[in-house]
*Asks:* 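Starting off with a structure, shown below.
Please read all numbers here as calculations on a predicted model, not as lab measurements.
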Amino acid sequence: MRSDSVKTGTQQAPHRSLFNALGYTKEERERPLIGIVSSYNEIVPGHMNLDKIVEAVKMGVAMAGGTPVVFPAIAVCDGIAMGHIGMKYSLVTRDLIADSTECMAMAHGFDGLVMVPNCDKNVPGLLMAAARLNIPTIFCSGGPMLAGRVKGEKRSLSSMFEAVGSVAAGTMTMEDLEEFEEKVCPTCGSCSGMYTANSMNCLTEALGMGLKGNGTIPAVYSERIRLAKHAGMQIMELVKKDIKPRDIMTEKAFHNALTIDMALGCSTNSMLHLPAIAKEAGVDLNVELANELSAKTPNLCHLAPAGPTYMEDLNEAGGVYAVMNELTKKDLLYTDIMTVTGKTVAENIKGCINRNPDVIRPVENPYSETGGIAVLKGNLAPDSGVVKRSAVVPEMMVHEGPARVFECEEDAIEAIKSGKIVAGDVIVIRYEGPKGGPGMREMLNPTSAIAGMGLGSSVALITDGRFSGASRGASIGHVSPEAAVGGPIALVEEGDIISIDIPNNALNVKISDEEMASRRAKWQPKEQHLTGYLARYHELVTSGNRGAVLEVPHGK
């Protein structure tokens with residue numbers, strides 16, 4: 001066992017004395033040591049219930065003959081961090097989570113790991129750690145929030161942000177806003193639409209790293225506690241059979257994840273996280289593969305913000321496995337590959353039927369014949385840009401309009417709310433990329449303001465930053481190269497005509513190559529005065545199209 005390095009032999013006598021200090025018995029030391037990575041804290045609604053999940057996992061591990069050992073991971077609430085300096089500290093935690101988990105696992109010789117995340121950066125951060133460490137690992141997340149109900153309709157956090165824009169537009173009263181505030185987030189759990197947290201939790205099932213229901217069973221259901229106990233038991237099987245993350249997270253598994261991403265209509269943040277996880281697993285995952293898979297993958301789900309259904313509805317309709325089963329009707333998945341169940345995909349999804357065709361459309365009657373995400377390229381995004389196509393209204397799939405250029409998110413929000421943005425405009429928010437932010441802030445406030453002001457079907461937004469999974473509309477993010485390194489988005493001027501053609505995966509600014517070259521010759525990098533972790537992150541982070549991973553610069 002790996003844990004022999006910290007508990008067996010004469011040389012380990014000092015180590016054993018420290019296990020004695022922890023209260024562990026000789027019998028506990030002789031069992032496999034299972035690290036349980038707990039993302040519990042009291043500031044993230046999706047994490048406030050993780051103490052209950054962790055206790056259930058511990059019980060499952062102990063029942064199956066292991067010794068559970070809990071250690072923590074940090075977590076940021078993207079909703080609370082939204083719209084201020086806090087959002088610079090969201091994406092950057094993904095690497096802190098991966099690095100700190102690696103440190104703890106390597107320092108203490110665990111035989112296996114159970115990851116207990118829930119919200120936006122914890123799931124990808126811990127998947128990165130799992131792939132990097134490559135010791136037996138299983139995921140058991142905290143589960144989604146139930147949808148709120150306002151005036152008889154289901155609502156979620158995206159409704160809350162859009163309500164703020166409606167108040168600014170004069171179409172909603174402060175009394176209505178207060179009612180939304182009280183009711184849209186009624187329970188613990190990751191926010192109830194197909195936002196980033198739920199996207200990534202669903203993709204743990206698609207990758208084969210979580211048990212059935214990990215992405216969809218609501219946080220408040222006792223079924224979630226039972227799932228946690230089974231995850232604790234199953235890690236012992238993975239340790240016994242030595243089934244490791246890289247045996248599961250293969251190139252075929254990532255193709256499956258991207259395919260299921262397209263069918264579900266996941267957050268565009270998956271286009272940052274999947275390449276980063278794949279890199280740790282030794283798999284080269286180019287985001288442009290998304291278009292190839294999207295071309296043949298039907299979009300089967302329109303969960304909030306794309307439509308009026310929520311995670312609880314997806315769970316009742318059969319969950320991720322039911323979606324996977326639908327996709328096998330068109331032979332779109334690799335079904336012969338291993339998962340944490342110890343069985344293949346085919347064995348896992350057998351008999352998992354679609355119980356509600358209004359929530360999971362049959363492959364014969366999809367929302368669209370193509371997938372939920374598109375990767376765009378052109379002279380404005382030579383490397384790439386990403387849009388959640390399934391959340392774009394038909395009239396904005398092809399659009400041309402004048403650029404309205406802003407150097408940061410706050411300036412754009414002020415212009416939107418003060419009525420300076422009109423139908424047809426294309427808002428450009430730059431210097432918000434991985435390096436430029438730094439930290440690649442999410443733009444939920446401006447996209448929500450656009451929707452709330454009634455401009456969702458006539459105004460586009462383009463940024464080198466990123467979008468919350470709660471954003472909808474013609475919102476194109478991850479534009480690469482970013483402004484901070486002199487990408488074309490830095491050269492756009494007020495009034496330039498921008499052409500968006502989502503069906504043809506194109507994003508261009510209508511100026512000549514000569515004019516672009518002339519502007520580039522005059523461009524100067526924007527000065528930044530950074531300290532602390534953000535300064536280090538700025539130096540090491542790569543572009544959005546590469547997953548915003550950290551790399552040591554050449555020559556250093």
Side-chain angles (χ1 to χ4, degrees), residues 144 192-195 198-218 223 227 248 250 252-268 270-271 274 289-341 343-374 388-391 469:
S192 56
M194 187 55 81
Y195 311 146
N198 292 325
S199 295
M200 295 309 301
N201 281 324
C202 286
L203 293 181
T204 60
E205 292 188 56
L207 281 168
M209 291 298 293
L211 299 178
K212 179 187 177 186
N214 186 56
T216 60
I217 298 169
E223 186 182 357
L227 178 76
I248 295 168
T250 61
K252 288 181 177 179
F254 282 100
H255 278 232
N256 280 358
L258 267 177
T259 299
I260 294 156
D261 187 325
M262 296 299 159
L264 287 172
C266 289
S267 163
T268 52
S270 62
M271 294 295 103
L274 287 174
L289 177 64
N291 286 341
E292 179 185 327
L293 295 178
S294 179
K296 57 186 178 183
T297 305
N299 177 225
L300 305 182
C301 298
H302 265 193
L303 290 102
T309 53
Y310 295 82
M311 294 305 296
E312 62 204 65
D313 303 312
L314 178 60
N315 186 63
E316 290 166 16
V320 176
Y321 278 16
V323 175
M324 294 172 75
N325 219 357
E326 284 290 337
L327 295 175
T328 60
K329 296 176 183 178
K330 294 187 72 172
D331 198 26
L332 292 172
L333 298 178
Y334 294 102
T335 59
D336 59 344
I337 56 177
M338 182 54 61
T339 70
V340 290
T341 65
K343 301 175 182 177
T344 64
V345 169
E347 292 173 302
N348 287 343
I349 66 176
K350 184 178 180 181
C352 295
I353 62 170
N354 179 1
R355 299 182 185 279
N356 189 340
D358 293 328
V359 175
I360 305 171
R361 288 275 188 94
V363 290
E364 302 84 7
N365 181 34
Y367 282 102
S368 69
E369 294 291 344
T370 52
I373 289 177
K388 187 171 182 175
R389 173 165 48 193
S390 59

*Asks:* Relative to each other, are the rings of Tyr367 and His302 parallel, tilted or perpendicular (30° and 60° limits)?
*Replies:*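 The rings of Tyr367 and His302 lie parallel, inter-plane angle below 30°.
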*Asks:* Between Thr335 (side chain only) and Ala346 (backbone N and O only), is there a donor and an acceptor less than 3.5 Å apart?
*Replies:*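 No; zero donor-acceptor contacts below 3.5 Å.
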*Asks:* Does a side chain donor of either Ser368 or Arg389 reach within less than 3.5 Å of an acceptor in the other side chain?
*Replies:*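 Checked: Ser368/Arg389 side chains show no N/O donor-acceptor pair below 3.5 Å.
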*Asks:* Roughly how far, to the nearest 0.5 Å, is CG of Asn299 from SG of Cys266?
*Replies:*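 Answer rounded to 0.5 Å: 9.5 Å.
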*Asks:* Below 4.5 Å, heavy atoms only, C-beta onward: do Thr259 and Met262 meet side chain to side chain?
*Replies:*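 Not in contact.
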*Asks:* Over all heavy atoms of both residues, which pair between Pro298 and Pro366 is shortest? Give the atoms and the distance, please.
*Replies:*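 Heavy-atom minimum between the residues: CB-CB, 3.5 Å.
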*Asks:* Write down the atom of Ala253, the atom of Ile248, and the distance for their closest heavy-atom approach.
*Replies:*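 In this case the closest contact between Ala253 and Ile248 is CB-O, 3.2 Å.
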*Asks:* Counting distance only, does the side-chain N/O of Lys330 pair as donor-acceptor with the main-chain N or O of Thr297 below 3.5 Å?
*Replies:*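 Such a contact is absent between Lys330 side chain and Thr297 backbone.
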*Asks:* Atom OG1 of Thr309 and atom CG of Leu314: how far apart are they, to the nearest 0.5 Å?
*Replies:*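 Those atoms lie 8.0 Å apart.
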*Asks:* Are Val320 and Thr204 side-chain neighbours, meaning at least one heavy-atom pair lies under 4.5 Å?
*Replies:*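 They are not in side-chain contact.
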*Asks:* Got a second to check how far Leu327's CG is from Leu300's CG, nearest 0.5 Å?
*Replies:*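 The CG atom of Leu300 is 5.5 Å from CG of Leu327, to the nearest 0.5 Å.
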*Asks:* To the nearest 0.5 Å, what is the distance between CD1 (Ile349) and OG1 (Thr328)?
*Replies:*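 Answer rounded to 0.5 Å: 4.5 Å.
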*Asks:* Taking the side chain as every heavy atom from C-beta outward, state whether Met271 and Leu258 have any atom pair closer than 4.5 Å.
*Replies:*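 A side-chain contact under 4.5 Å exists here.
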*Asks:* Measuring from atom CD of Glu292 to atom NE2 of His255, what distance do you get when rounded to the nearest 0.5 angstrom?
*Replies:*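 The distance works out to 7.5 Å.
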*Asks:* Charged N to carboxylate O under 4.0 angstrom, Glu347 versus Lys350?
*Replies:*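 No.
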*Asks:* Report yes or no: does Asn256 contribute a side-chain atom to a donor-acceptor pair with the main-chain N or O of Leu333 at less than 3.5 Å?
*Replies:*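 Judged by distance alone, no pair lies under 3.5 Å.
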*Asks:* How about Lys212 and Thr341: do any of their side-chain heavy atoms sit closer than 4.5 Å?
*Replies:*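 When only atoms from C-beta onward are counted, Thr341 and Lys212 do not touch, as no gap falls below 4.5 Å.
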*Asks:* Taking all atoms of both residues into account, what is the closest heavy-atom pair of Gly265 and Ser390, and its distance?
*Replies:*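 Minimum heavy-atom contact is CA-OG, 3.8 Å.
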*Asks:* How about Met200 and Ser270: do any of their side-chain heavy atoms sit closer than 4.5 Å?
*Replies:*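 A side-chain contact exists here, since the closest heavy-atom pair is under 4.5 Å.
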*Asks:* Without swapping roles, check the side chain of Asn214 against the backbone of Glu205 for a donor-acceptor pair under 3.5 Å.
*Replies:*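 Such a contact is absent between Asn214 side chain and Glu205 backbone.
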*Asks:* Are the side chains of Ile373 and Ser294 in contact, using a 4.5 Å heavy-atom criterion?
*Replies:*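 Not touching, per the 4.5 Å side-chain cut-off.
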*Asks:* Is there a donor-acceptor pair closer than 3.5 Å between any side-chain N or O of Asn354 and the backbone N or O of Ile360?
*Replies:*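 The answer is yes, because a donor-acceptor pair under 3.5 Å joins these two groups.
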*Asks:* Can any side-chain N or O of Ser199 pair as donor or acceptor with the backbone N or O of Ser267 at less than 3.5 Å?
*Replies:*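 Judged by distance alone, yes, a pair lies under 3.5 Å.
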